Structure formats: C-alpha cells, structure tokens
Protein chains: 2
Amino acid sequence: MKDTTAVNQISPLDRVPTSSLIAQQLREAVMSGALAQGSQVGEAELAGRFGVSRGPLREAMQRLVQEGLLDSIPHRGLFVVELAADDIRDIYAARTAIEGAALQAIIGRPDAAGIARRLDKAVAKMHTAAARGDGPVLARSDLAFHEQLVAESGSARLQRMASTLLVETRMCMASLTGKYVAPADLADEHTKITDAIRSGDQAAARKVMEDHMDDAVGRLAGPLAADREGSGSR
Amino acid sequence: MKDTTAVNQISPLDRVPTSSLIAQQLREAVMSGALAQGSQVGEAELAGRFGVSRGPLREAMQRLVQEGLLDSIPHRGLFVVELAADDIRDIYAARTAIEGAALQAIIGRPDAAGIARRLDKAVAKMHTAAARGDGPVLARSDLAFHEQLVAESGSARLQRMASTLLVETRMCMASLTGKYVAPADLADEHTKITDAIRSGDQAAARKVMEDHMDDAVGRLAGPLAADREGSGSR
DNA sequence: CCCTCCAAGATTGTTGACAATCCTACATTC
DNA sequence: GAATGTAGGATTGTCAACAATCTTGGAGGG
C-alpha cells in the first residue's frame with residue numbers, strides 16, 4: 001500500500017542535469033532512426049534545435065560515445081554507428097548473456113511467481129497490439145518486455161547494459177522499416193519465457209532465451225544484409 | 001606472419017581526442033583508489049592538474065558517469081561511487097553473465113585450443129607473480145587474464161561491458177588494501193578455466209565460471225562489509 | 001540554547017568567442 | 001589531362017568569463 005500523506009511522499013528530488021536530458025533525447029533520436037545510421041551529428045545545428053549552447057550538448061554526446069551509439073572521429077565529428085550483420089549477431093550474443101542471467105536471477109527469487117505475473121501483463125500488451133495489427137506498438141512492447149525482464153532481476157548493472165543493447169536493437173528494426181515485420185506469434189514466444197520462470201528449471205530457461213534470441217537474429221540479419229547490399233550506406 | 005614493409009604498415013591513424021585521454025586517466029585513478037570512493041572530484045583542481053580547461057574535463061567525466069564509475073549530483077559535483085557489499089554481488093553477477101558468455105563463445109570457435117594456449121600464458125604470469133609473493137602484480141595479472149578472456153571472444157560489446165566491470169572489481173580490491181590478499185592457489189583456479197575451454201563442455205565451463213566468481217565474491221564481500229562497518233565512509 | 005535568516009565564498013552550469021583542423025573547389029604546373 | 005598546391009568556408013576543439021546554485025559561518029530573535 002502506498003503512503004499518500006503529503007509529508008511522507010517527499011523523496012530526494014532528482015533534478016536531472018541538462019546533459020542527461022539531451023542524452024536521453026539523442027538516444028531516442030538514434031533509436032527511432034530520426035538520426036540515420038552513419039549520418040553526422042552536427043553540433044551547431046543540434047545545439048540550436050535544443051536551445052542550448054554547444055557545451056552541454058557535447059557532454060551529452062560523449063555519453064553516447066561511451067555507450068557505443070556514436071562514433072567519434074577527431075576534428076571531423078560524431079557519427080551514428082552503422083550496424084552491420086556482424087553487429088546484429090554481437091548485439092544478440094550480448095543480449096543473450098545479459099537477459100539469460102537476468103532470467104536465472106529471477107528464477108532464484110522467492111517471488112518468482114509474482115514476477116512472472118507482472119511480465120505476463122507485458123505480454124498481454126503485445127497480444128492486443130498484435131491483434132490490432134499495430135506493428136510499431138508491437139515492436140515497442142517487445143522491447144518493453146525485455147527491459148522489464150532485466151529490471152525485475154534487480155541488477156542495476158545488467159539493467160544499464162541491457163538499456164544500451166535495446167537501443168541498438170531498435171535501431172536495427174528502424175533501419176529496416178518496411179522490410180521487417182514482427183511475426184504474428186511474437187507474443188506467444190514471450191509466454192515461453194514467463195513459463196520458464198514458473199517452471200524453475202534454470203537450464204531449460206537458458207535454452208528458451210537462447211532460442212528466442214536466435215530467432216530474432218534470423219529475422220533481422222538476413223533482411224539487413226540484403227538491405228546494405230542494395231544501397232551503399234552513404 | 002605480419003607484413004613488415006613500411007608502406008603496408010600504414011593504418012588509419014587513430015588520434016585520440018583529449019577527452020578520451022582524460023577519461024582513461026580518470027578511470028585509472030578511480031581504479032587504483034587514487035580517487036577514494038565517495039570523494040568528490042573537483043573540476044577546477046583536476047583541470048589544473050591535467051593542464052586543460054574545465055570543458056574537456058567535464059566531457060571526460062560525463063563518460064565515467066555513463067559507465068557508472070562516477071555519481072552526478074546536480075549543482076553539487078561528481079563523486080566516486082561507493083561500492084557496498086550488494087554492489088560486489090551485483091558486479092560479480094554481471095561478470096558471471098559476461099565472462100560466462102565469452103567462455104561459451106570461445107568454446108564454439110574452431111581455434112579454441114589456440115586461445116586456451118594464449119590464456120595459459122596469462123596464467124603463467126600469475127604463477128610467477130604468486131611465486132614472488134608480489135600481491136599487486138598478481139591482482140593485476142588476474143584482471144588481465146579476464147580481460148583477455150573476453151577479448152578473445154571477439155565481441156566488442158562484451159568487451160566494453162567487461163572493461164567497466166573490471167574497473168569496479170579493482171576498485172573493491174584497492175579499497176581493501178591490507179585486508180584483501182590474493183590466495184595462493186589463485187593461478188591454479190584460472191587453469192580450470194583454460195582446461196574448461198579445452199574440454200569443450202559448455203555446461204561444465206559455465207559451472208567453472210560460476211564457481212570462480214562465487215569464490216571471488218566470498219573473498220571480497222566479507223572483508224568489505226566488515227570494513228565499511230568499522231569506519232563511516234567518506 | 002536552539003532555530004531561523006542572511007551574506008560571503010566556493011563550486012558547478014552555461015555561454016559566446018577564439019584557435020585549430022578539415023573538406024571543397026579552384027588555380028597552377030608538368 | 002592528371003597531379004599538386006592553395007585559398008575559402010565550415011566544423012570541431014578549447015578557453016575564459018559570467019550566471020546560477022550550494023555550502024558555511026555567524027548574527028539575530030525566540
């Protein structure tokens with residue numbers, strides 16, 4: 001039950017620094033494809049759009065560089081990373097490691113059943129989106145599920161790492177708009193994961209996660225390779 | 001065989017931006033304990049020591065914030081993170097995920113035997129350090145082994161994540177100088193890992209890694225909890 | 001004695017200007 | 001005509017000054 005008395009709702013108010021706000025917006029721009037892969041991210045223009053000077057903007061960009069979302073070439077500028085087929089495989093290898101570990105941690109918890117139930121709600125959202133034939137929302141709910149999965153593990157570090165990997169995942173999807181469509185049974189695939197939590201079988205759960213990721217790689221790597229081949233990336 | 005003719009050694013020269021250089025030095029300062037956990041990292045003073053203005057320094061610091069090595073409190077400053085016993089467990093849970101995945105990737109390689117041999121060399125360095133009773137070098141070789149292990153996996157993303165986790169690992173050890181001593185059989189423990197690569201047994205390898213990490217947590221978490229209790233941080 | 005208020009000093013946040021580097025396009029030379 | 005050299009414009013890298021915020025110390029009042 002929540003405490004609703006005003007005085008006890010006081011929490012260490014988190015004023016977010018400007019550079020964090022900018023970094024978050026940049027992250028979303030990269031994620032959605034608003035900033036195309038391989039394109040240069042001009043400082044002056046972006047600073048103007050955000051209504052700040054180049055200082056805070058550069059600080060924000062350095063954070064994305066550290067995440068591996070931007071590439072820095074000295075005295076030339078920052079560029080959105082280009083994700084090739086090898087990167088897709090790498091991203092999913094890393095995701096398998098992170099999310100597999102999160103899954104195992106959850107299974108080890110006494111309240112694993114409750115976590116599975118909360119994750120089921122996320123799956124339900126995927127179902128409704130799939131029923132409406134709403135591709136974008138389906139893709140977003142997909143990532144939301146995985147984000148919540150890692151969050152439920154309670155590991156701040158796994159969460160931070162997963163966050164970046166999910167941005168890259170969405171980047172790939174965005175770059176394949178039109179070519180990539182989420183499969184109809186995507187939601188059911190996720191039920192296998194929540195079922196694995198309920199089963200409590202660590203080895204089986206790991207296998208489920210590996211298969212889930214392998215499927216996704218298969219869906220993405222093929223179209224991406226074909227896409228990159230057709231048009232030089234600029 | 002390498003090509004040693006001068007003209008063919010030409011490679012896209014990588015001039016490193018100032019902020020990267022500063023970030024690397026800061027990382028080492030945090031890692032070695034030169035910047036104590038919980039201590040504030042003053043901009044003006046550091047900028048003076050580096051001989052640069054606050055601009056590039058702030059950019060470098062933002063990168064460490066993104067890595068989770070520094071904590072940002074708006075309008076107050078940046079502080080070196082404080083690692084509690086829970087963090088140790090989290091760090092090693094994440095390391096188990098990352099390095100376990102790297103281990104599995106290596107086992108899947110056709111040249112796994114060659115990789116095992118290269119890693120044996122790293123273990124040999126640990127042996128000589130242990131024989132000399134050189135604790136600091138032994139600890140550094142330990143981390144070098146794990147860094148190389150992940151590097152051999154060939155995954156840029158696992159490597160990036162492991163890099164940060166290893167810095168945090170060394171931070172813990174540095175904060176326990178005097179209380180923490182590397183055990184005599186530490187080198188042999190690592191031979192188990194290279195043996196696991198040669199065995200080719202994925203499940204067994206994972207188990208070896210999990211045990212290895214569990215041991216390390218046991219060695220660190222206890223002393224750290226006792227240490228933090230004795231003297232209030234900061 | 002304790003609490004509140006206020007001012008001084010110090011630190012962080014932001015900005016605009018200056019210096020260095022790079023790319024493009026045109027002129028020059030062989 | 002191809003290669004080399006050279007301004008011009010644009011972009012990034014760096015800096016020092018200004019504004020905003022926080023902390024610290026002491027004065028004043030209850």
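Model, not experiment: these values are computed from the prediction.
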Nucleotide nearest B:T18 when distance is taken to its side chain, options D:dC22, D:dG13, C:dT14 =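 Nearest to the side-chain atoms of B:T18, counting from C-beta on, is D:dG13.
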Side chains of B:R15 and A:H75: closer than 4.5 Å at any heavy-atom pair?
->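 Answer yes - side chains close enough.
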4.5 Å side-chain heavy-atom contact, A:Q66 and B:Q62 |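 No; the side chains remain at least 4.5 Å from each other.
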Would one find more than 12 heavy atoms of other residues, nucleotides or ligands at under 6.0 Å from atom CZ of A:R49?
->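 At most 12 heavy atoms, drawn from other residues, nucleotides or ligands, come within 6.0 Å of this atom.
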Is there a donor in the side chain of B:T169 and an acceptor in the side chain of B:R95, or the other way round, less than 3.5 Å apart?
->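 Indeed, the side chains of B:T169 and B:R95 share at least one donor-acceptor pair under 3.5 Å.
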Under 3.5 Å, is there a donor-acceptor pair between the A:T164 and A:E67 side chains?
->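 Yes, side-chain donor-acceptor contact under 3.5 Å.
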Between B:Q40 and C:dT11, does any side-chain N or O lie under 4.0 Å from OP1 or OP2?
->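 B:Q40 to C:dT11 OP1/OP2: no side-chain N or O under 4.0 Å.
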Between [X] ([atom1]) and [N] ([atom2]), how many Å, whole number?
{"X": "A:R15", "N": "C:dT12", "atom1": "CZ", "atom2": "C1'", "value": "12 Å"}
{"X": "A:H75", "N": "D:dT12", "atom1": "NE2", "atom2": "P", "value": "11 Å"}
{"X": "A:I73", "N": "D:dT12", "atom1": "CD1", "atom2": "C1'", "value": "13 Å"}
{"X": "A:M61", "N": "D:dG13", "atom1": "CE", "atom2": "C1'", "value": "11 Å"}

Side-chain (B:Q37) to main-chain (B:L83) donor-acceptor, under 3.5 angstrom |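 Between the backbone of B:L83 and the side chain of B:Q37 there is a qualifying donor-acceptor contact (under 3.5 Å).
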Atom pairs under 3.5 Å: protein N/O with N/O of nucleotides 23-25 of chain D:
from	atom 1	to	atom 2	distance (Å)
D:dT23	OP1	B:R76	NE	3.4
D:dT23	OP1	B:R76	NH1	2.4

Nucleic acid contacts of residues 43-59 of chain A, taken as heavy-atom distances under 4.0 Å to DNA chain D |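 DNA chain D contact set from residues 43-59 of chain A: A:E43, A:R54, A:R58.
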Does B:R76 have any salt bridge (Lys or Arg N to Asp or Glu O under 4.0 Å) partners at least two apart in sequence or in another chain, and if so, which?
->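 For B:R76 there are no salt bridge (Lys or Arg N to Asp or Glu O under 4.0 Å) partners, ignoring immediate neighbours.
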Plane angle bin for B:H190 and B:H146 - parallel if under 30°, tilted between 30 and 60°, otherwise perpendicular =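 It falls in the perpendicular class, over 60°.
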